[in-house]
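Below is one structure, written out as structure tokens; the observations come after it.
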Amino acid sequence: MSKNNTTLLADFNSVSAKEWKTKIQADLKGEDYNNLIFQDRNGIDIKPFYHQEETEIGYMPKSPKNWLITESFEISANTNIDDVLEVLEKGTQALWLKFKQNSPNPIAFVEALYSKNIPVYLDFEYQKEEEINTLIEFLSGKNHQFSIGIDCIGHLASTGNWHQNLRKDFEDFNWLIKAQGTFPIFLSIRTEIYENAGANHIQQVAYAMAHVNEYLNHLSVHFPEKSKNFKPLFHVSIGGNYFAEIAKLKALRIIYSEIAEAYEIPQDIEILAFPSLRNKTLYDYNVNMLRTTTEGMSAILGGANWVANTAYDSVFHHDNNFGRRIARNQLLVLKNESYFDKVSNPADGSYYLESLTQQISEKALSIFKSIEQAGGFITALTDGTIQRKIEEVAQEELKSFEQKEKILVGTNKYLNLDDKMKNELEKTPFLEKFPRKTLIKPIIQKRLAEGIENERLTNE
């Protein structure tokens, strides 16, 4: 058996890239081979085949040994702690608790979850020193897996305003850094803002790096010793382009490792991945389950540490147990029945993925450098450069969707005209506008199908 295995490949001659092209050209019967090459929305040429001879194989980051089935909760006054505890008995391995301005004090949730000894990520939209102090006092001296994340720059990008102002927000950030030791403090980088607004993969990686670099610059100046203990947690929305999303996650690790090396700090990062808002639909909403399944697969193969899912009906329904159950079970199937946790680095050896990853990395690094040369990410947000660049590619994507070049099944192709949704709405499925004064123009996160859905809903 071992002899047969050893000599098996000897029975097949290696095929060069030139020979493959010759064979393809013959099968095309006179058609131009170059017609098979198309350009994706990143401006990258996608070839019909990839060969080792033509692939420059650079550094490819390794995937984490384990990924966590993560369940998220937006904590409000109506959130029942028992509901949060219940999901831990159904396969959830980690929790992502989102605290907003009007959320109750997190201490009750921390006290209830402490004995469970599972990773719990406390994601704060606000900065309240007294509440963090309460957590520090409770967790001090205890072994636990709680971590805190906060992102004042992400708040600026998505809302157009600081929590208070630049100086005060970074003063609060400084205070949080000093609390490092009682529990891990993550530099949260909310890159989902860019994906959900329509940025392409290169932009998402570039803006994520410029975003985190603002924090690294601050740490290197004010807390050079503490910076050696920090690692970023990138929030990443995963869209429908299966292979490009895998490459995007790998590119994040590649470029961050180069930046971290320059700062002489650890190169490790954590990635919290979850489905994109951009491609979810109101009509034929069950297709959202297919979308989130492949997006979960991309997240895992790309090397996410925490993988969360969203309910198939979250566009138009409030949070509900059935939607949660389906979302959780999708990840359980990937882990326990599809064995997505049994193979290390399954994407290794794909010349297409390696080529795509390298090209995204190189182009994103170039954009990152140009942002830094122009004054950095906050400056680029303030003068509107980031918003303008995202809007340009988002409009191109919208045009492609309207011309049915980009397909969302059930929405702009293969429509079920008997599908009526007006009486199913528990909440508005569309972007709500609340006029207010802002310091900068916010980056607007919006679903691609909203325009066509609004028109169809009106005509029901």
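The basis for the numbers below is simple: all heavy atoms, side chains too, and nothing from hydrogens, waters or symmetry mates. Numbers here are sequence positions counted from 1. The model shown is predicted, which means the values in this text are computed figures rather than measured ones.
Side-chain polar atoms of H218 and N174 form a donor-acceptor pair below 3.5 angstrom. Between the side chains of Q203 and N42, no donor-acceptor pair is found at a separation under 3.5 Å. Under 3.5 Å, the side chains of Q359 and S355 contain a donor-acceptor pair of N or O atoms.
Relative ring orientation between H211 and F377 is described as parallel, the plane-to-plane angle staying below 30° on a 0-90° scale split at 30° and 60°. Taking the six-membered ring where the residue is Trp, H144 and F146 present tilted rings, their angle falling between 30° and 60°.
Annotation: salt bridge (Lys or Arg N to Asp or Glu O under 4.0 Å) contacts involving residues 231-253, sequence neighbours excluded, comprise K231-D268, K231-E270, E245-K248.
Few gaps surround NZ on K228; more than 12 heavy atoms of other groups in view lie less than 6.0 Å from it. For NZ of K142, the number of neighbouring non-hydrogen atoms (other residues, nucleotides, ligands) closer than 6.0 Å is greater than 12.
Here the CH2 atom belonging to W175 is positioned 4.0 Å from the CG atom belonging to N133, to the nearest 0.5 angstrom. Separating the CG atom in N305 from the CD1 atom in I300 is a distance of 12.0 Å, to the nearest 0.5 Å. Atom CG of N412 sits about 14.0 Å away from atom OH of Y283, to the nearest 0.5 Å.
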Inset, instruction - Check the pair Q330, T293 against side chain to side chain donor-acceptor pair (under 3.5 Å), reporting the backbone distance first and the verdict last. - result: CA-CA 6 Å; Q330 287 173 260; T293 298; 2.8 Å; yes
Legend entry - Candidate pair D383 and T385, rule side chain to side chain donor-acceptor pair (under 3.5 Å), full reasoning: CA-CA 6 Å; D383 67 22; T385 300; 2.6 Å; yes
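A donor-acceptor pair under 3.5 Å is formed between the side chain of T191 and the backbone N or O of H235. Using modelled atom types, one side-chain atom of Q204 and one backbone atom of A199 make a donor-acceptor pair closer than 3.5 Å. S220 places a side-chain N or O within donor-acceptor distance of the main-chain N or O of N217, the cut-off being under 3.5 Å. A donor-acceptor contact shorter than 3.5 Å links the side chain of E426 to the backbone of H318.
Of the listed residues (R190, K100, K98), just one forms a salt bridge (Lys or Arg N to Asp or Glu O under 4.0 Å) with D123, and that residue is R190.
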Give every donor-acceptor pair under 3.5 Å between a side-chain atom in residues 366-376 and any protein atom, sequence neighbours left out.
| unit_1 | atom_1 | unit_2 | atom_2 | d |
| --- | --- | --- | --- | --- |
| S370 | OG | I367 | O | 2.6 |
| E372 | OE1 | N213 | ND2 | 2.9 |

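In this structure, R291 fails the cation-pi test against Y312, since its NZ or CZ atom is not both closer than 6.0 Å to the six-membered ring centre and inside 45 degrees of the ring normal. Geometrically, K168 does not engage W162 in a cation-pi contact defined by less than 6.0 Å to the ring centre and at most 45° from the axis.
Of the charged side-chain nitrogens involved, at least one lies within less than 4.0 Å of a carboxylate oxygen, so that E397 and R278 count as a salt-bridged pair.
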